[in-house]
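Worksheet: one structure, shown below.
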Amino acid sequence: MDKTYSPRDIEARLYAHWEAEGRFRPAGDGTPYAIVIPPPNVTGTLHMGHAFQDTIMDALTRYHRMRGDRTLWQPGTDHAGIATQMVVERQLNAAGQTRHDLGREAFIKRVWKWKDESGGTIARQMRRLGTSVDWTRDRFTMDEGLSRAVTETFVRLFDEGLIYRGKRLVNWDPVLHTALSDLEVLSHEETGSLWHLRYPLADGSGHLVVATTRPETMLGDTAVAVHPEDERYAHLVGRQIALPLTERRIPIVADTYVEREFGSGCVKITPAHDFNDYELGQRHDLPLINIFDRNAVLNDEVPATYRGLDRFEARKRVVADLEAAGLIEKIVPHKLMVPKGDRSNAVIEPWLTDQWYVRIEPLAGPAIEAVESGRIKFVPENWDRTYYEWMRNIKDWCISRQLWWGHRIPAWYAADGSIYVGRDEAEVRARHGLGADLALRQDDDVLDTWFSSALWPFSTLGWPESTLELKQFYPTAVLVTGFDIIFFWVARMIMMGLKFMGDVPFREVYVHGLIRDGEGQKMSKSKGNVLDPLDLIDGIDLETLLAKRTAGLMQPHLAAGIEKATRKQFPDGIASYGTDALRFTFASLATLSRDIRFDVGRIEGYRNFCNKLWNAARFVIMSVEGHELGDGPQAPTLADRWIRSRLAAALEATRTGFDGYRFDLASQALYEFTWYDFCDWYLELSKAVLNSETASEAEKRATRHTLISTLESLLRALHPLMPFITEEIWQRVGVLAGRTGPTIMLEPWPVADTTARDPEVDGEMRWVMDLILAVRQIRGEMDIAPSRRFEVLLAHASESDLGRLARTRHWVERLANLSSLRPLELGVAEPESAVALMGQMRILVPMAGLIDVVAEMARLEKRIVKLRADLGKTEGKLSNANFVTNAPPAVVEQERARIADFSRELAGLEAQLERVRRLQ
RNA sequence: GGGCGCGUAGCUCAGCGGUAGAGCACUUCCUUGACAUGGAAGGGGUCACAGGUUCGAUCCCUGUCGCGCCCA
């Protein structure tokens, strides 16, 4: 093996091999375990959020596969209707064309072409990450099978009356020319104005003042409303207003919707352009006057002078004309929420159109129940409250989109306006007995992208066919997702799964945090703080990184700032850390928190961890190669038994971590075992045995055996998090440990050997370590060179100490680098020494030529100060009668023991200080 | 306005009723045969603040302050 771990050389090769050998396919007859991937946009690229999520899903998948489960990680991609259509339209625009120049059919062809060109990117990136998805089952939301599932659900829901077509107000995007669901509209607070308008009473007896943030919509007003209990206006209810700028007369109505305190307490009502006004209009049977066309330009319903004006231009003209007529009472600054499309960022217009809706209440009920009853569990648990909050206030889902890229709605219209729904035109004709001569035209609209996503857990497994996969893998085990799409996706999958499969789509929902940059900022192109996971794996030089971050900005003026910040944060670009380091970093960040700050400092630490593991393996292999491992007798040493005990504890902690989605704790347990227990202690202890002239061959054999078997178990334990380095090392180590399988992927995840846990062994090893640490501390604080060997004496050693000393002296001498370690006989005078205490036993480092008296006094004083403080605290506790009577006896006993230890040690150190002081 | 969350070492985060932990950063020493992407030793925290419950609170409860997210 090379001296330095070099991920680049191993990762691509191993992945290609795994894939070629079909290692990712479900195998064996264990318990089925399935995860469906949240399908990324087919034409997108992998970002940090994907990489994080994929790491978690892959860790779960590999872990369960190794546990013997029949494991499927179902991959696939989403057609991402609006997003993809926009990208292709932009490409056309750049060439001076629009989609209308091409026409529907040619445009869709063009999108498919784009999908074919760029669709492989994210799959390639996933392979770099090591994702063990079953690529042979790869699905796309627009492929034939999934499209059939979409049609099937639409038709069934329609037949049951759960899909209907309605003329309603929708969120209309006047730029994209499509309706949007409530979720796709984001409201931002903006500072605008509140115009107070005078509306004359029709009988000329005065006027009312109405306040509005959108004066241009007055052209579509069909009433003025006041609160029924507002005595200021009670006498006016039922009378008429002469609506300015128009020839119309509109009524004054009373409705509790009106807030008396807001403005003047009178509200203009525009039922065709405001959701609240629409409902009020329904209650009062008001006419709807639609004043906008699809571009939000004023139409023929308004007086001629305003026709053809854009809504914002119209606002200026209407205000100017009202002003001129003396009908503006006042204009005050006002904060309001402005709705915008999440894709186009255009101001959304409530607009009256025909759309398709899903009647959601009958679906929501069972979906709420599934979580309440615990059939679906959110992790962390409290996300269920967010889910309930949303589900209990859910509104019908507008599923039609006026786009071309997507699943076309399976509805056909006859010339007379009749609507027929069916799986295809032939079925429609057959079902409704329509003759071949009757012309039918299919609905132009497509379905909301999330409609097909909602079917994902069963459509990918073959539904509506009754496939073996459905039978085996549905319900899937867990959905791994960010909280940002609980409503968009999770809730809808639950509703559709219950409806069409009669069971929940997954048993658990693991909701992870969102990856942000080191400052907690969302990563975005315009902020220039985006990290590409591939750049962390492969590294990138500064100039390339700068070019990447500043290219194609929507606002080019930001480039300078981005360049400055990037130069500051990455003066030398980004080093190459490798996939395993990145994955281990993600795992360590997978806490329960909502925002995950990606601190680049951490990945370096975990790259070093990979290197540590690599070199530990080199040492183990070097120590073992050329020696027979199999048959000879073995005499396990204390160290052997100890590291097995520690391994059992670490595996237990890791398993608990994996099972509870605490990848941070799992990774921490493995990190600490590997570095602290295995490398820092066990490998050093093993050197003492293997290099010893006195150790028996049976002990050496046991040590070699323990080295190789511990490493081999550790590799298997780490594999779900670090697939590449573990496989690479395992290919050499597995054989030496007697394993014959072709890949670590298919080896069993190591089970903690609970019989290896041994308190006596732990206690004796603790004694060895404490002794070594005590000597090292004196060495460190006395500035004695690590290479300088000296003698250590043990005074007041008990029988137990002497027994331990005899058994473990070789280790202490080696790890503390001593020339000798021996007990001081009773009655022999102690040489002047630096002293450390272990219980009764005094550890003496003779000072002659080694130790400076002043430094030793300082060292002792420091310890004494600390001890006095600790002792004081403990004494305070025990002097409290309430504590002694009320606290559990074990706790009181522990404090008493503590006080005894502290007192003895303190007395010892004080005496020692006095002795050293006299040497001055 | 409603819902949810966060405030622990310089930074990023674990812990969550019995004397505070990690990584990175920092200080000192060290190229000894796995590893300087390393080893050894060390410094650093009134666990946001105020009350309460408790023998005991960073941890539980209430409130205050600060920060964030979602929904309307």
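For clarity, every value in this text was computed on a predicted model and none was experimentally measured. Each chain gets a letter, A, B and so on, in the order the sequences are listed, and its residues count up from 1.
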Open item on the list: Give me the stems containing RNA chain B, sorted by first residue, counting only three or more consecutive Watson-Crick or G-U pairs with both distances under 3.5 Å; say none if there aren't any.
Closed with: B:1-7 with B:65-71, B:10-13 with B:21-24, B:26-30 with B:38-42, B:48-52 with B:60-64

Open item on the list: Do the side chains of A:Lys862 and A:Glu781 get close enough for a salt bridge, i.e. N-O under 4.0 angstrom?
Closed with: yes

TODO: Looking at every strand, decide which applies to A:Leu773 at a 4.0 Å heavy-atom threshold: base, sugar-phosphate, or nothing.
DONE: sugar-phosphate

Task: Side chain of A:Val891 - closest among B:A14, B:U37, B:G18 - done: B:G18

Open item on the list: At under 4.0 Å between heavy atoms, how does the protein contact nucleotides 67-72 of chain B? Give one character per nucleotide, 5' to 3', with B, S or -.
Closed with: -BBS--

Task: A:Lys687 side-chain N/O to B:A34 phosphate OP1/OP2 under 4.0 Å - done: yes

- [ ] Give A:Asp680 one of three labels, base, sugar-phosphate or nothing, depending on what nucleic acid heavy atoms sit under 4.0 Å from its own.
- [x] sugar-phosphate

- [ ] Kindly compute the distance separating CZ (A:Arg602) from CZ (A:Phe609), expressed to the nearest 0.5 Å.
- [x] 13.0 Å

Open item on the list: Does the plane of the ring in A:Phe663 sit parallel, tilted or perpendicular to the ring in A:Tyr510? Use 30° and 60° as the thresholds.
Closed with: perpendicular

Task: Rounded interatomic separation in angstrom, taking CZ from A:Phe598 and C1' from B:C11 - done: 15 Å

TODO: Using the P atom as the reference point in each nucleotide, state the distance between B:C47 and B:U58 in Å, no decimals.
DONE: 7 Å

Task: Pairwise P distance for B:U12 and B:U64, with rounding to whole Å - done: 27 Å

Task: Selected nucleotide, minimal atom distance to A:Arg662 side chain, candidates B:U19, B:G18, B:G15 - done: B:G15

- [ ] Give me the ring orientation class for A:Tyr606 and A:Tyr671: parallel if the planes are under 30° apart, tilted from 30 to 60°, perpendicular past 60°.
- [x] perpendicular

- [ ] Step through the shown structure and confirm whether more than 12 heavy atoms of other residues, nucleotides or ligands are within 6.0 Å of NZ on A:Lys377.
- [x] no

Open item on the list: Main chain of A:Gln777, side chain of A:Arg859: is a donor-acceptor contact present, judged purely on distance under 3.5 Å?
Closed with: no

Open item on the list: Regarding A:Lys3, tell me which of base, sugar-phosphate or nothing describes its non-hydrogen contacts under 4.0 Å with the strands shown.
Closed with: sugar-phosphate

- [ ] Would you indicate what A:Ser593 reaches in the nucleic acid, counting non-hydrogen atoms under 4.0 angstrom: base, sugar-phosphate, or nothing?
- [x] sugar-phosphate

Open item on the list: Checking contacts here: which listed nucleotide (B:A41, B:C55, B:U19) is nearest the side-chain heavy atoms of A:Asn882?
Closed with: B:C55

Open item on the list: By the 4.0 Å heavy-atom rule, please label A:Cys679 as base, sugar-phosphate, or nothing.
Closed with: base

Open item on the list: From CZ of A:Arg788 over to P of B:U32, roughly how many Å is that when rounded to an integer?
Closed with: 18 Å

Open item on the list: Please determine whether a side-chain nitrogen or oxygen atom of A:Thr591 lies at a distance below 4.0 Å from atom OP1 or OP2 of B:A14.
Closed with: yes

Task: Listed nucleotide nearest any side-chain atom of A:Glu684, set B:C35, B:U19, B:A14 - done: B:C35

Open item on the list: Within the structure provided, determine whether A:Tyr682 and A:Leu711 are in side-chain contact (heavy-atom separation under 4.5 Å).
Closed with: no

TODO: Send over the distance from A:Leu683 CG to B:G39 P, rounded to a whole Å.
DONE: 11 Å

Open item on the list: So, OP1 or OP2 of B:U19: does either fall under 4.0 Å of a side-chain N or O from A:Lys866?
Closed with: no

Open item on the list: Any heavy-atom pair between the side chains of A:Met523 and A:Ile515 that's under 4.5 Å?
Closed with: yes

- [ ] Tell me what A:Arg607 touches on the nucleic acid: a base, only sugar-phosphate, or nothing, going by heavy atoms under 4.0 Å.
- [x] base

Open item on the list: What's the separation between atom CG in A:Leu690 and atom CE in A:Met622, rounded to the nearest 0.5 Å?
Closed with: 12.0 Å

Task: Derivation and outcome, ring pair (Phe, Tyr, Trp, His ring centres under 6.0 Å), residues A:Trp681 and A:Tyr676 - done: CA-CA 7 Å; A:Trp681 287 103; A:Tyr676 306 141; over 10 Å; no

Would you list the protein and nucleotides 42-45 of chain B atom pairs, both N or O, that sit under 3.5 Å from each other?
{"residue": "B:G42", "atom": "OP1", "partner": "A:Gln777", "partner atom": "NE2", "Å": "2.6"}

Open item on the list: Angle between ring planes, A:Trp614 versus A:Tyr5, binned at 30° and 60°: parallel, tilted or perpendicular?
Closed with: tilted

Task: Atom pair CG/OG1 of A:Leu721 and A:Thr55 - distance to nearest 0.5 Å - done: 9.0 Å

Task: Positions of residues 615-623 of chain A (non-hydrogen atom under 4.0 Å from RNA chain B), listed by number - done: A:Asn615, A:Ala616, A:Arg618, A:Phe619

Open item on the list: With salt bridge (charged side-chain N to carboxylate O under 4.0 Å, His left out) as the rule and sequence neighbours excluded, what pairs involving residues 888-901 of chain A come up?
Closed with: A:Lys877-A:Glu895, A:Glu895-A:Arg898, A:Asp901-A:Arg904

Task: Distance, P atom - from B:U53 to B:C59, rounded to whole angstrom - done: 15 Å

Task: Distance in Å, A:Arg594 CZ paired with A:Asp484 CG, rounded so as to fall on 0.5 Å steps - done: 11.5 Å

Task: Nucleotide of B:A14, B:G18, B:A40 approaching A:Ala887 most closely (side-chain heavy atoms) - done: B:G18

Task: Between B:G3 (P) and A:Asn382 (CG): distance, integer Å - done: 14 Å

Task: Minimum-distance nucleotide (side-chain atoms of A:Glu389 versus B:G2, B:A40, B:C55) - done: B:G2

Open item on the list: Rounding to an integer number of Å, can you tell me how far A:Leu711 CG sits from B:C35 P?
Closed with: 16 Å

Task: Toward the 5' end of RNA chain B, by each residue's nearest nucleotide, A:Leu589 or A:Phe902 - done: A:Leu589

TODO: Look up atom OG in A:Ser833 and atom CD1 in A:Ile843, then write down how far apart they are to the nearest 0.5 Å.
DONE: 11.5 Å

Task: Distance between P atoms of B:U8 and B:G68 (Å, rounded) - done: 15 Å

- [ ] Rounded off to whole Å, could you give me the CG-to-C1' distance for the A:Asn880 and B:G18 pair?
- [x] 13 Å

- [ ] Determine the interplanar angle of the A:Tyr387 and A:Phe378 rings, folded into 0 to 90°, and report it as parallel if under 30°, tilted if 30 to 60°, perpendicular if over 60°.
- [x] tilted

Task: Axial cation check for A:Tyr388 ring with A:Arg392, 6.0 Å and 45° limits - done: yes

Task: C1' atoms of B:A57 and B:A48, separation to the nearest Å - done: 16 Å

- [ ] Determine, stepwise, if the pair A:Arg597 / A:Asp599 fulfils salt bridge (charged side-chain N to carboxylate O under 4.0 Å, His left out).
- [x] CA-CA 6 Å; A:Arg597 298 184 184 209; A:Asp599 176 18; over 6 Å; no

Open item on the list: Does A:Arg898 reach a base, just sugar-phosphate, or nothing at all? Heavy atoms under 4.0 Å.
Closed with: base

Open item on the list: Would you compute the distance between atom CG of A:Leu715 and atom CZ of A:Arg732 and round it to the nearest 0.5 angstrom?
Closed with: 12.0 Å

Task: Per-nucleotide protein contact string for nucleotides 23-31 of chain B (B base, S sugar-phosphate only, - none; heavy atom under 4.0 Å) - done: S----SSS-

TODO: Could you tell me the separation between the CD1 atom of A:Ile603 and the P atom of B:C13, rounded to a whole number of Å?
DONE: 16 Å

Open item on the list: Rounding to an integer number of Å, can you tell me how far A:Arg789 CZ sits from B:A40 C1'?
Closed with: 17 Å

